[in-house]
Amino acid sequence: MDQHISFFARTSDNISHAHRSPSFFPWHRKYLQLLESDLQTVSGNPNLFIPYWDWTGSVTPFTADFLGSITSGSVSSGNFSPSWGWSLYRSSISTSYLQRRLGQNASRPTAATVSTVQSYTSYDRSPWDSTVSNSYRNRNEIDLHNRVHNFVGGHMGTREAPNDPVFWLHHCNIDRLWWLWQGSRGTDTYQPRTGTTSGVVDNTETMRPFADGSTPLSVSDIGPLAYSYA
């Protein structure tokens, strides 16, 4: 949680790591990998993996026996409610309940929108931020990623979005879409390349705050990371 809060926007060195920059995809891929590893360690099950939520489908994860049912915007019963033992961390919303506002601020992306985003051929372009109109990274981040955060709303609309377990399923789907995009364009397509710009992470620079020195290049191919998508 602290990692997402601290690296949500530009850091003190004026570099964007997690959002609105080329490292959006690899940063979250590494973030997911760390949680998955922790879950496997705690459970003792090396085959435990985070599922993805395909938000273009009709199946909802917001049920009492999965991610928690919603009453008046709060997860007040079932899984991930206070009675289940779920507590919030560094919440900027003054409540003891996990908050969701499904559909109040945005609609879910459609399959047609996903298809349009997946058709962009350039990974990213200068000036490497949220103003780029024709890069895959930025169109995915704005038209798919941001839209789902706003569709769920509540805590998902804040820096503390990982408080909501749907955050991880949502980002697994974002990672899956990047993997599918890489399938036809290659895993070594990250832009910018080494030494081509400042203020963003190039393909061989370390992504903060990951202690193992992970770079976009080191997580570009999921094969060596020992997971796959069905």
Side-chain angles (χ1 to χ4, degrees), residues 1-8 11 17-19 23-55 59-69 75 77-92 96-100 145 148-149 152 154-156 158-180 182 187 190 201 203-230:
M1 178 70 75
D2 286 324
Q3 291 175 338
H4 193 265
I5 293 172
S6 299
F7 292 88
F8 183 85
T11 53
H17 289 264
H19 301 101
S23 51
F24 164 72
F25 284 115
W27 193 95
H28 284 91
R29 177 170 284 178
K30 182 62 182 181
Y31 194 48
L32 289 166
Q33 185 187 22
L34 290 174
L35 176 70
E36 199 163 75
S37 177
D38 286 345
L39 290 173
Q40 291 168 350
T41 299
V42 170
S43 68
N45 181 3
N47 295 315
L48 190 156
F49 299 103
I50 304 171
Y52 65 83
W53 171 36
D54 181 357
W55 8 261
V59 177
T60 178
F62 305 115
T63 58
D65 61 350
F66 191 30
L67 296 190
S69 55
V75 181
S77 62
N79 293 348
F80 303 103
S81 67
S83 60
W84 189 71
W86 192 251
S87 59
L88 300 173
Y89 180 75
R90 292 183 64 178
S91 173
S92 59
S96 59
Y97 297 96
L98 180 61
Q99 299 292 308
R100 295 176 182 142
H145 165 264
V148 174
H149 272 278
V152 177
H155 283 97
M156 271 286 278
T158 71
R159 291 174 181 239
E160 310 88 47
N163 269 304
D164 193 330
V166 79
F167 169 93
W168 305 96
L169 279 66
H170 167 43
H171 271 280
C172 269
N173 198 39
I174 292 295
D175 186 69
R176 181 182 71 94
L177 292 174
W178 181 31
W179 167 76
L180 288 170
Q182 290 178 309
T187 57
Y190 182 91
V201 179
N203 66 327
T204 61
E205 285 184 300
T206 299
M207 297 182 294
R208 294 176 57 203
F210 306 126
D212 63 355
S214 289
T215 67
L217 184 60
S218 71
V219 298
S220 63
D221 185 354
I222 68 173
L225 302 181
Y227 73 93
S228 62
Y229 288 105

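Note that this is a predicted model, so its numbers are computed, not measured. Heads up: numbering here begins at 1 and tracks the sequence.
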#### Entry: Audit row: H17, E205, side chain to side chain contact (heavy atoms under 4.5 Å, CB included) steps and yes/no
CA-CA 11 Å; H17 289 264; E205 285 184 300; over 6 Å; no
### Task
Show your working on side chain to side chain contact (heavy atoms under 4.5 Å, CB included) between D2 and R90 and close with a plain yes or no.
CA-CA 9 Å; D2 286 324; R90 292 183 64 178; 2.5 Å; yes
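By the side chain to side chain contact (heavy atoms under 4.5 Å, CB included) test, P209 is found to be paired with Q3, F7, W27, residues two or more places apart in sequence or in another chain being considered. By the ring pair (Phe, Tyr, Trp, His ring centres under 6.0 Å) test, Y227 pairs with Y229, sequence neighbours left out. For S228, the side chain to side chain contact (heavy atoms under 4.5 Å, CB included) test picks out no residue, with sequence neighbours left out. Partners of S220 according to the side chain to side chain donor-acceptor pair (under 3.5 Å) rule, which considers only residues two or more places apart in sequence or in another chain, do not exist here. Residues passing the ring pair (Phe, Tyr, Trp, His ring centres under 6.0 Å) test with H155, sequence neighbours excluded: none. By the side chain to side chain contact (heavy atoms under 4.5 Å, CB included) test, F66 pairs with P61, T63, L169, sequence neighbours left out. Judged as a side chain to side chain contact (heavy atoms under 4.5 Å, CB included), and not counting sequence neighbours, the contacts of E160 are M1, I5, S92, T158, N163. In terms of the side chain to side chain donor-acceptor pair (under 3.5 Å) criterion, D38 has no residue partners (sequence neighbours excluded). Partners of R159 under the side chain to side chain donor-acceptor pair (under 3.5 Å) rule, at least two apart in sequence or in another chain, do not exist in this structure. Take W55 and apply the side chain to side chain donor-acceptor pair (under 3.5 Å) test, not counting sequence neighbours, and it matches H170. Checked against ring pair (Phe, Tyr, Trp, His ring centres under 6.0 Å), Y97 has no partners two or more places apart in sequence or in another chain.
Using a 3.5 Å distance cut-off with no hydrogens or angles, the side chains of N79 and W84 do pair a donor with an acceptor.
Shown here for L48 and E36, the closest heavy-atom pair between the two residues is O-CG, 3.8 Å.
Screening residues 212-230 for salt bridge (charged side-chain N to carboxylate O under 4.0 Å, His left out), with sequence neighbours left out, gives K30-D212.
W53 has its side chain out of reach of L67: every pair of non-hydrogen atoms, C-beta onward, lies at least 4.5 Å apart.
Counting only distance, with no hydrogens or angles, the side chain of S37 and the backbone of L34 share no donor-acceptor pair below 3.5 Å.
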